[in-house]
Amino acid sequence: MGYRDLREYMAVLEERGKLKRVTKEVDRDWEIASIARCVFQGVEESKRYALLFENIKGFEGSLATGVLGASREVYALALGTTTDKIYEKWADSAASQIPPIEVKTGPVKEVVLKGDDVDLLKIPVPVWTPGRDGGPFITSPCVISKDPDTGVQNVGTYRMMIKGRNQTCILIFAPQHIGFHYGKYEARNEPMPVAVAIGVDPSIGLTSVAKVPFGVDELAVAGGMRGEPVEVVRGETVDLLVPATAEYVIEGFVPPHVRVSEGPFGEYSGYMGTRDETPILNVTCITHRHRPIYQAYTSQMPPSESSCLRGQAFASGIWRQLVRELKEPGVIDVHITESSGSQAHVIVQMKPRYPGHAKRVALIVSGLDPLYGKIVTIVDPDIDIRDHFSVDWALSYRVDPARDVTIIPNVMALPLDPSTEDPSNVTTAKPFEERVQVKGSKMLIDATVKNAYPEISLAPAEHLNRAIAEWGELGLPPLELPNRFKLLLQHHPPGESFRPYQ
Ligand SMILES: Cc1cc2nc3c(=O)[nH]c(=O)nc-3n(C[C@H](O)[C@H](O)[C@H](O)COP(=O)(O)O)c2cc1C
């Protein structure tokens with residue numbers, strides 16, 4: 001069974017040493033973001049932890065960050081599995097959906113604020129790139145909207161810049177599912193009701209950033225992940241079902257055809273974004289728990305919580321489509337590099353079955369979603385796709401650039417990629433409809449072997465394994481052998497050349 005709410009999950013994190021409390025008073029305008037950034041830059045991935053700021057100058061309540069994506073290990077804990085089973089767990093959750101169940105009330109209704117009592121400025125929303133961002137941004141919203149034709153709800157994470165006591169921007173891209181909904185409301189010239197849940201049980205936060213097919217309610221996938229239905233309550237001022245144990249729910253309406261200036265914001269690419277013109281949410285009600293915990297994702301320059309979350313969710317989706325749905329033979333593993341902001345560079349590990357197979361898989365991956373795969377690299381099973389050194393070795397000596405690199409011109413560019421950004425976007429705010437028209441190209445790299453290869457220049461496994469077994473007798477510091485080394489020993493038995501298509 002899953003976690004009841006964010007609090008129960010955070011207690012587990014703390015017990016495992018993966019959550020640290022900060023009791024010193026901190027400033028939400030610069031200090032929270034700066035401390036969190038130092039954790040992502042200065043603590044190695046396997047040791048990273050979430051933070052709970054308990055004393056925020058001028059605010060009541062606390063702030064948690066890193067709780068879902070401080071590292072892959074933390075991510076796996078949130079998902080209720082281990083790091084080696086993340087993709088299977090995702091695929092199983094999608095295949096065994098459990099619809100949410102409506103209950104009369106829940107902790108999220110402990111405090112209900114309407115009319116003049118609505119005040120977003122009382123929530124400790126940090127400025128994430130101090131001195132550069134346009135204002136405080138809500139980075140962890142689970143935005144709930146409803147298809148006006150089918151009544152099916154969608155949950156997605158779309159950043160929101162606070163504009164005042166009862167207004168926030170909401171960054172809606174047309175190809176995202178909320179963009180489909182909003183397009184329908186705009187065509188009817190009607191406001192779109194929206195409810196934004198913050199600080200939810202981890203299954204909801206994780207599905208909110210994942211690529212769940214349009215028309216499937218993320219709350220049902222979250223139910224599949226937790227093994228029991230998510231309890232939901234009806235909104236106070238909008239006809240939407242919201243998680244009953246959320247820390248906060250912000251309700252309101254997004255009017256049609258209204259755009260306001262938003263940004264800039266430190267982007268997932270590691271660069272500052274430009275100013276945008278986005279729709280606006282007029283807030284009608286805020287409900288929250290007593291002593292609410294405001295949950296935020298640390299984003300911007302990778303590595304970040306955002307790059308961890310998107311990387312795991314998007315790669316799980318690619319793996320599910322290749323392995324579970326297409327049943328593509330030979331495909332083993334998928335990784336999106338975190339240095340590419342977990343979007344630009346997708347790497348697939350596979351054993352190609354025939355000439356051209358690797359390129360075919362690269363073409364499939366590049367076309368799955370405009371959000372990722374500007375570069376798609378395919379490597380053999382002896383390459384560790386999570387190790388830059390290993391991948392670079394394959395790129396260096398298994399690729400003849402003229403033969404093995406394919407450029408696909410004139411396709412939808414990765415959103416917010418400065419290399420393809422229209423220069424006029426940088427100085428002039430543009431409506432979001434115009435931004436997605438930016439064109440770019442894709443690069444597919446077949447870094448698999450295509451002919452019989454010489455033996456690798458390593459001592460045979462029997463010698464190396466013996467040296468490893470007797471290491472203790474040498475009085476040298478312990479060895480930490482990387483996975484790439486183990487893969488080489490496993491896939492290159494002495495006397496055999498490495499042959500493709502077997
Ligand atoms: C921290 C964070 C912020 C995000 N911000 C946005 C955003 O502002 N706009 C957007 O379209 N997607 C954003 N995403 C990606 C979406 O959450 C993701 O594509 C998700 O699948 C959207 O849900 P949907 O598929 O139901 O549209 C963000 C992801 C993360 C982790």
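Atoms within each ligand, like the ligands themselves, are counted from 1 in listed order. Only heavy atoms go into these numbers, but all of them, side chains included; no hydrogens, no water, no symmetry mates.
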May I ask you to check if ligand 1 and Ser299 share an N or O to N or O distance below 3.5 Å? no
Closer than 4.0 angstrom: is that true for some heavy atom of Glu218 and an atom of ligand 1? yes
With a 3.5 Å distance limit and no angle check, can you tell me whether Glu305 reaches the backbone of Gly69 through a side-chain donor-acceptor pair? yes
Please say which of Thr287, Thr237, Thr284 ends up in a side chain to side chain donor-acceptor pair (under 3.5 Å) with Glu251. Thr237
Would you mind running through ligand 1 and noting each atom that sits below 4.0 Å from a heavy atom of Tyr297? 1 (C)
Please check if the number of heavy atoms outside Lys47 that lie under 6.0 Å from its NZ is greater than 12. no
With heavy atoms under 4.0 Å as the rule, classify the contact between Ile172 and ligand 1 as side chain, backbone, both or neither. neither
So, regarding Gln176 and ligand 1 (criterion: nitrogen or oxygen to nitrogen or oxygen, under 3.5 Å), is there a contact or not? yes
What protein heavy atom sits nearest atom 29 (C) of ligand 1, and how far away is it? Arg310 CD, 3.6 Å
Here the gap from Thr65 atom OG1 to Arg37 atom CZ, rounded to the nearest 0.5 Å, amounts to 9.0 Å
Of all the atoms in ligand 1, which lie at a distance below 4.0 Å from a heavy atom belonging to Val209? 17 (O), 18 (C), 20 (C), 21 (O), 31 (C)
I'd like to know if Arg320 pairs up with Glu325 as an ion pair, taking the criterion as any Lys NZ or Arg NE/NH1/NH2 lying under 4.0 Å from an Asp or Glu carboxylate oxygen. yes
Report, in ascending order of atom number, the atoms of ligand 1 lying under 4.0 Å from any heavy atom of Gly156. 23 (O)
Identify, by atom number and element, the atoms of ligand 1 in contact range of Val155, meaning under 4.0 Å from any of its heavy atoms. 26 (O)
Report, in ascending order of atom number, the atoms of ligand 1 lying under 4.0 Å from any heavy atom of Arg159. 5 (N), 6 (C), 7 (C), 8 (O)
Is it true that the NZ or CZ of Lys18 lies under 6.0 Å from the centre of Tyr49's six-membered ring and within 45 degrees of the ring axis? no
Determine whether the aromatic ring centres of Phe214 and His181 lie less than 6.0 Å apart. yes
Between Ala210 and ligand 1, is there a nitrogen or oxygen pair with a distance under 3.5 Å? yes
So, taking the atom named CD1 in Ile250 and the one named CG in Asn166, what distance separates them when rounded to the nearest 0.5 Å? 11.5 Å
Flag Tyr158 as yes when one of its N or O atoms lies below 3.5 Å from any N or O atom of ligand 1, and as no otherwise. yes
Option nearest atom 20 (C) of ligand 1 (shortest heavy-atom distance, choices Ser208, Ser342, Gly205, Ala174): Ser208
Which atoms of ligand 1 sit under 4.0 Å from any heavy atom of Thr139? 1 (C)
Near Gln41 CD, under 6.0 Å, is it more than 12 heavy atoms from other residues, nucleotides or ligands? yes
Quick check for you: to the nearest 0.5 Å, what is the distance between Asn154 atom CG and Cys142 atom SG? 11.0 Å
Atoms in ligand 1 with a heavy atom of Asn154 nearer than 4.0 Å: 26 (O)
In terms of the angle between their ring planes, are His288 and Tyr248 parallel, tilted or perpendicular, with boundaries placed at 30° and 60°? tilted
Distance from atom 9 (N) of ligand 1 to nearest protein heavy atom, with residue and atom: Leu171 O, 3.3 Å
Is atom CD of Glu73 surrounded by more than 12 heavy atoms (other residues, nucleotides or ligands) closer than 6.0 Å? no
Note: heavy atom closest to atom 3 (C) of ligand 1, options Val216, Asp369, Thr157, Ile178, belongs to Thr157
Quick check: does Ser306 get an N/O under 3.5 Å from an N/O on ligand 1? no
Can you list the atoms of ligand 1 that are under 4.0 Å from a heavy atom of Leu371? 19 (O)
